[in-house]
Amino acid sequence: MEQYRRNLLRHRLEDKLLESRAAELEPDSASIVGFYRENPELFRLSHPIIKGRYVRVDANAPQQAQLSVLMRERSARRLEQLDEYCLQFAWANHLNDTIWRNPLDFLADVPESTRDALHFSTINQTQVVRSDSLAHYLMVRAYKPAGETAPLSYALDGIREMVRAERRNRLLQTFYRDWE
């Protein structure tokens, strides 16, 4: 029982210490970039990633020729038109092509047999695959295969947590060493 009480007190002490020094534990941009550059082996992709757009519509949806064109567009006006089209006719869509994603997460609602027909490495071309009564539109802006180093933006949250953990451990080690 005494050991449990000591562990509880130690845990509370550590929490208070970490809380009081929270600003020191938060990594800045330079430390994140430095960690990323020093440890590229930690950021090898185990699966491919893509930046792109996906839209699923009924096979009979109107203006699908326009949809193919809108998928490739980048101007604000054309993106509004794409968004409006999706609001009216799409069953599912992912229109933000600035974020790296796992293609299987990106296309989670696509039937597996349809996924095989979509080529993730086909860049800046709208691909259309029809299955049953649906049409699946995919446009890939960027592609990174498994084995390559993940882009910093894809690994950012993980790096932030690793740097925080490293700083937290160093702070606690220093505290206990100085306390003895």
Looking only at non-hydrogen atoms, find the nearest pair between [X] and [Y] and report the distance.
| X | Y | answer |
| --- | --- | --- |
| A135 | R130 | CB-NH1, 3.2 Å |
| C86 | N93 | CB-ND2, 3.5 Å |
| Y137 | M71 | O-CE, 3.7 Å |
| P103 | P48 | CD-O, 2.9 Å |
| Y85 | P62 | OH-O, 2.6 Å |
| K51 | I99 | CG-O, 3.6 Å |

Any chance the side chains of [X] and [Y] put a donor and an acceptor closer than 3.5 Å?
| X | Y | value |
| --- | --- | --- |
| N124 | R141 | yes |
| N7 | Q3 | yes |
| Q81 | R78 | yes |

Any side-chain heavy-atom pair of [X] and [Y] under 4.5 Å:
| X | Y | result |
| --- | --- | --- |
| V128 | L67 | no |
| L95 | L79 | no |
| M162 | N39 | no |
| V55 | F89 | no |
| L45 | K144 | yes |
| S121 | P145 | no |
| R10 | Y176 | yes |
| L82 | E73 | no |

Measure the spacing between [atom1] of [X] and [atom2] of [Y] and express it to the nearest 0.5 Å.
| X | Y | atom1 | atom2 | result |
| --- | --- | --- | --- | --- |
| Q125 | L138 | CD | CG | 11.0 Å |
| I159 | L152 | CD1 | CG | 5.0 Å |
| N96 | R101 | CG | CZ | 6.0 Å |
| S20 | K16 | OG | NZ | 9.5 Å |
| R53 | H94 | CZ | NE2 | 13.5 Å |
| R168 | L25 | CZ | CG | 8.0 Å |

Output yes when a side-chain donor or acceptor of D58 lies under 3.5 Å from a complementary backbone atom of A61, and no otherwise.
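Pair absent, no side-chain N/O of D58 close to backbone of A61.
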Using a strict 4.0 Å threshold on nitrogen-to-oxygen distance, state whether [X] and [Y] make a salt bridge.
| X | Y | answer |
| --- | --- | --- |
| E80 | R77 | no |
| R44 | E148 | no |
| D157 | R160 | yes |

In this structure, would [X] and [Y] fall into the same cluster of hydrophobic residues linked by side-chain contacts under 4.5 Å?
| X | Y | result |
| --- | --- | --- |
| V129 | V140 | yes |
| W100 | F120 | no |
| Y54 | I123 | yes |
| L42 | I32 | yes |
| L172 | L13 | yes |

Tell me, with the steps shown, if L171 and R21 meet side-chain contact (heavy atoms from CB on, under 4.5 Å).
CA-CA 9 Å; L171 177 65; R21 312 270 298 269; 3.4 Å; yes
Quickly, which of T149, L156, V163 forms a side chain to side chain contact (heavy atoms under 4.5 Å, CB included) with Y36? Name it, please.
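Option passing the side chain to side chain contact (heavy atoms under 4.5 Å, CB included) with Y36: T149.
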